[in-house]
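These numbers come from a predicted model, not from an experiment. Here is how names work: the chains are called A, B, and so on, in the same order as the sequence lines, proteins then strands, and each is numbered from 1.
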Amino acid sequence: MPSLSDKLKALGVQIGPQNLTPTKARKPEYGIQQVLPGEEVENLYGLAYRITEQYAVDERYGLVELRFRTPPELIAQYCGVPDLERSSADRYVFIDTETTGLGLGSGIFAFLIGLGYYREDYFIIRQYFLRDPGEETAALTALSEEICADPVLVSFNGKAFDVPMLNNRYILNGLSSPFDSSIQLDLLHLSRRLWKDRLPSRTLINLEGNILAAQRTEEDVPGWMIPQLYKDYLHTGDARLVKNVFYHNARDILAMVGLLNYVGGMLTSPLDQSKRDGLDLASIGSLHERFNRTAEAIELYNYALKQDLPPEVFESTLKRLSFLHKQSGDWQQAISLWELAAQQGQVYACEELAKYYEHNQRDYSAALKWVEYALTMIAGRPQAILWQPALEHRRQRLLRKTG
Amino acid sequence: MNGNPDALDRLFARWEKDEQFQEKISAWRKISPRTARYAPFPPDISLEIQNHLASLGIQNLYAHQVVALDELRQGNNIVMTSGTASGKSLVYQLAILNSLLKRPQTRALLIFPTKALARDQYNKLATFLDSARISGLPDLTPPAVAVYDGDTPNHTRTQIRQQAKVLITNPDMLQVGILPHHTRWAEFFSNLEWVVLDEIHIYRGVFGSHIANVLRRMKRITEFYGSSQQFILTSATIGNPAEHAERLTSLPVRLIEADDSPSGEKHFLLINPPITDPELGLRRSLAQETQMLADELYTYQLQTLIFARSRRTVELLVHGLQTLLPASKNALNVRGYRSGYLPGHRRAIEADLRSGEARLVIATNALELGIDIGGLDAVLIAGYPGNIASTRQQAGRAGRLGTSKSLVTLIFGSQPLDQFIARHEAYLFANNPEKALINPDHPVILFQHLLSAAYELPFRSDETFGGLTEVDLREILQLLVSQGKLHFARDKYIWMDESFPAADISLRNASADRVRIQSNGQTIGITELSSAYWMLHPQAIYLQEGNSYFVQSLNLETLTAEVLPVEVDYYTEPKREVEIQINQVLQSQQVIGATKFSGELTVITQITGYKKVQWGTYANLGLGVVDLPPVRFQTEGYWQVIDPETVEILRDQGLWANDRNDYGPEWKFLREIVRKRDAYRCQVCGTMESGIPHHVHHKIPFRAFTSSTEANQLSNLVTLCPACHRRAEQSVRIRSGLAGLGYALVNLAPLLLMCDLADLGAHTDPQSTLAAGSPVVVIYENIPAGIGLTRELYSRHGELVNYAQELVAGCTCEDGCPACVGPGGESGFGGKQPALALLYALCGKDPARALS
């Protein structure tokens with residue numbers, strides 16, 4: 001009987017060695033302990049390997065100090081967890097993993113799990129590394145033991161990837177996950193919100209370059225190379241292959257710290273830095289608006305409108321500001337903004353003005369003037385489809401009212 | 001909507017007086033009505049459930065349902081084969097509800113072969129449960145009962161994963177969307193008690209072999225979570241339901257085959273269209289006969305479902321009937337139904353069937369599955385569906401509420417299989433339908449799922465998988481380790497690759513690619529790439545619901561076909577060329593008159609052109625050329641090489657029609673001159689002769705000339721190597737006894753195997769390079785890598801040849817017809833007699849009998 005592999009070969013299915021570097025004798029001088037000195041921790045499931053770095057909190061990452069300085073009440077508001085208002089720095093755990101592939105299938109695992117947390121005047125980075133995939137159970141157990149009870153997990157895309165992926169691994173190893181119901185602060189979502197207009201790419205590495213002005217050295221590796229490097233390490237035992245992955249992981253964690261502090265600073269004192277970008281001010285304004293801090297939002301929108309904004313951001317910021325004024329009943333401010341917008345061809349502004357004159361002032365002819373102005377503006381243009389029926393309806397009503 | 005029993009009686013009365021009609025009938029069986037047998041609820045079904053059923057009008061169960069529930073109570077797996085509307089779903093609904101009452105955390109998985117069927121069953125289940133006010137039952141409103149498939153919106157998926165108790169899905173979603181992500185379903189798999197697998201007769205061949213492996217993967221996963229399942233399967237009537245169920249699930253399964261549901265009187269009419277041309281053996285076409293009958297049923301106001309054998313025939317019939325019944329076009333009550341229509345469109349047609357709005361629906365076997373369309377007055381099966389299970393499923397669509405009278409008419413086509421059954425009707429009614437074959441250990445299929453299984457959970461070094469022993473499995477896993485896909489550590493093979501192997505598996509097709517059919521920027525349909533080559537080649541007329549579209553382009557990179565709606569009086573038939581190479585001979589044996597082989601082949605097919613055929617007259621309006629790349633695939637085949645002695649005997653008696661024409665006395669000499677002139681080189685590929693002389697080919701076919709002198713002018717002759725010669729000859733194919741033999745064999749193969757005709761192809765060559773110039777008949781599987789169909793044929797060669805001999809000898813045509821060795825006429829002369837002589841020779845009989 002031919003074996004399965006023979007049959008497959010006969011059918012032209014490619015299995016078997018393919019461009020693999022031949023296994024050489026393992027060189028002890030390039031073992032993990034030599035290249036990346038660390039410690040072994042033992043638990044019920046065997047040994048786990050980890051390395052530790054320590055930074056004083058007054059060190060900087062790019063422009064920003066590592067010290068935890070985001071007001072917890074802001075975080076409480078953002079996460080919607082009031083309890084966090086009184087949280088202290090040591091409850092925050094920064095987390096980032098390096099994995100064997102993408103996706104959340106059960107065939108993907110983290111071979112390097114980096115944690116960052118504050119202890120007194122230090123920021124600690126601890127990286128658990130699987131010298132061999134068989135160490136996973138021990139490593140996950142050690143991780144559970146190290147993490148404080150009820151942590152706030154700070155990550156970059158951890159909500160959608162790192163945390164569910166780790167939860168999968170705990171399940172597969174028959175362990176219960178310490179992250180099951182953790183509060184999460186995902187900086188990816190926050191960054192998208194803040195920099196969607198300003199930065200074309202909001203990957204962590206782009207943010208740290210553009211926002212934190214931090215630079216990585218040549219030691220860094222691009223993310224897509226990482227799975228293959230680990231594979232090669234397993235194959236050769238040469239830890240130099242993964243050294244840069246440790247660097248990459250640690251930098252990602254530091255960048256998260258920097259980013260969180262930067263955002264915290266932006267929210268507490270947005271006008272601090274005179275050179276703050278108008279786009280940032282508009283974004284922070286909208287974040288304040290979301291938190292119902294109307295006064296702050298109005299102030300920031302006003303500042304932003306004085307900067308050099310791209311036309312579409314200018315228009316949307318002006319619109320948001322006008323509606324904030326409308327909500328707080330500050331009609332004079334709203335009207336002057338709408339008149340400005342109407343001049344620039346904004347149909348919504350004409351409609352708002354018409355509403356104002358019709359319902360607040362009962363000045364039907366003024367209202368009619370704005371409706372007719374809008375109708376002329378859109379005549380023969382694509383927006384007509386959107387606006388024409390409502391405007392026409394309003395016009396008919398106003399015509400009746402004006403007799 | 002009530003049936004129309006009077007109309008049926010009036011129609012029967014008319015037919016009885018119609019002599020012409022009587023002549024067409026090859027059988028008229030009356031199947032007596034069956035009265036229901038009821039039995040009390042089994043004691044373990046809770047009173048709350050019984051009361052709930054009573055409130056829905058269900059006071060009793062059919063006896064077979066109670067037997068099924070008893071088996072389940074004893075912890076057995078079951079497969080039920082009772083007919084349409086016999087209450088199979090109620091059995092699993094009750095079993096699941098009862099478990100949920102006892103153990104609220106119970107989970108159940110319901111797998112339906114198609115998305116459409118899953119939705120249909122979901123709606124029924126939701127209605128059933130929605131009215132459930134059974135105390136003690138956990139909340140079963142969505143998402144506790146949910147469909148999880150490609151159409152499930154992303155934002156509801158997490159909720160379903162966490163909360164679904166009864167999950168409805170299809171095999172594709174299970175294998176690619178659920179199993180590889182089992183950790184996200186940990187709760188579900190830990191408590192999974194019931195697996196329902198509906199319509200398992202569909203899971204045969206490639207599809208079934210995949211499903212068996214998907215279930216192997218699921219079993220590894222549920223074992224990991226420490227749960228075990230009971231299986232409830234349903235099937236149409238097949239020859240081996242229990243065996244098939246056991247091969248799919250790798251578990252012992254009890255067969256419940258009784259059917260105690262009521263059914264009305266059913267008339268089963270077999271119609272063989274009359275012979276219109278006795279010499280050529282031509283019968284009135286299946287399409288014409290179907291249209292005539294459909295016209296009559298429509299006029300008698302009988303709601304009718306017509307089953308056509310192909311998507312293309314559906315369109316031809318819709319077009320024909322809408323023309324024939326002008327009033328229907330406006331009323332929109334003559335409709336088509338097939339895969340390739342958009343889902344919403346199909347749902348609308350199903351609803352119109354239920355409401356009675358649609359009077360005449362022409363469908364492919366897509367409507368054969370259990371989608372609820374209500375019962376119909378009449379079912380018209382246009383052409384034998386290829387196996388008994390399908391025939392019975394389709395017939396089961398006739399009959400309302402199981403009690404009123406209904407009609408099933410099977411109209412035979414001119415294919416050999418149809419005509420064989422027309423003359424052996426007992427085959428259809430005897431209780432021995434074909435077996436469903438699967439090969440869960442098909443190397444390529446097994447290997448694909450092995451990769452996925454390794455992704456899902458690491459293999460331990462003492463594990464087995466499917467038919468693989470520990471040793472076999474370790475060997476293959478070690479290979480994967482050396483390739484870097486797996487890493488071996490602490491007795492486990494851990495997945496170490498960035499790929500997602502489940503995504504590369506296509507459960508039904510060789511390729512997962514789909515082509516989008518666009519008209520004026522709108523998608524009007526979708527079809528698989530392999531069909532697109534012949535349905536949507538440039539300049540083809542693509543038909544959908546009676547409308548014609550001209551194919552402007554087929555883009556194989558973007559996988560889109562651009563079509564334009566047109567009004568034309570013709571349709572197109574693709575022309576395809578086939579070339580075969582042998583990769584490896586697996587078995588061979590001397591048989592009577594020939595040597596049979598089975599082995600691995602490469603089949604190269606190419607659509608090279610098309611023929612325009614006029615509607616109605618079927619006149620050939622011209623040919624077109626198409627430039628599409630050839631498609632190569634590896635498969636298995638069975639072929640026979642006819643012994644030189646056999647050829648000699650036939651030749652002596654003038655019964656070998658595969659020889660070249662008599663090229664005249666100077667031919668031998670001329671051949672020398674031409675070869676010498678061409679420097680003994682093939683003038684197409686440039687190959688030099690080596691030992692065996694090259695062929696000399698007539699550029700304009702010999703038969704096109706009146707004298708050999710004219711045909712044999714040197715300018716008309718050219719030297720070609722055998723391979724190039726064969727290609728050149730393919731365009732001028734000569735009908736011969738050999739081709740007739742191939743035609744009969746491949747067409748009768750479904751008598752032995754439960755397969756579709758489209759699963760097999762035939763290729764014949766009187767001077768084959770596959771057999772050093774000997775005559776050869778190849779039957780190959782259209783399934784990449786093959787599924788064991790031709791191995792089965794190889795081992796049953798004798799039976800097959802005998803069936804074919806019986807068929808051809810019994811055919812009344814004079815010199816070949818579509819029902820025996822293929823049509824004569826256009827493609828050549830002298831087909832039947834030599835084919836029959838060859839068949840006699842292969843059966844060990846005297847070939848000279850073919851002369852009488």
Below 4.5 Å from any heavy atom of chain A, which atoms of E456(B) appear? Answer side chain, backbone, both or neither.
both
What's the separation between atom CE in M496(B) and atom CZ in F111(A), rounded to the nearest 0.5 Å?
8.0 Å
Looking only at heavy atoms and a cut-off of under 4.5 Å, which of P164(A), G101(A), G105(A) has the most pairs with chain B?
G105(A)
Taking CZ in R474(B) as the centre, count heavy atoms belonging to other residues, nucleotides or ligands within less than 6.0 Å. Is the count above 12?
yes
A side-chain contact here means heavy atoms from C-beta on lying under 4.5 Å apart; do E135(A) and R490(B) qualify?
yes
Which one, W495(B), Y455(B), Y225(B), F500(B), leads in non-hydrogen pairs under 4.5 Å with chain A?
Y455(B)
List the atom of A489(B), the atom of G134(A), and the distance in Å for their closest heavy-atom pair.
CB-N, 4.2 Å
Atom CD1 of I494(B) and atom CG of D132(A): how far apart are they, to the nearest 0.5 Å?
7.0 Å
Value for NE2 (H487(B)) from NZ (K231(A)), rounded to nearest 0.5 Å, stands at 12.0 Å
Which atoms of L473(B) are under 4.5 Å from chain A, going by heavy atoms: the side chain, the backbone, both sets, or neither?
neither
Side chain S106(A), main chain P180(B), donor-acceptor under 3.5 Å
yes
Counting neighbours of CG on L47(A) that are heavy atoms of other residues, nucleotides or ligands and sit closer than 6.0 Å, is the number greater than 12?
yes
Using a heavy-atom cutoff of under 4.5 Å, enumerate the residues of residues 165-178 of chain A that contact chain B, numbered in order, or state 'none'.
N168(A), I171(A), L172(A)
Chain A heavy atoms under 4.5 Å from D491(B): which part of the residue, side chain, backbone, both or neither?
neither
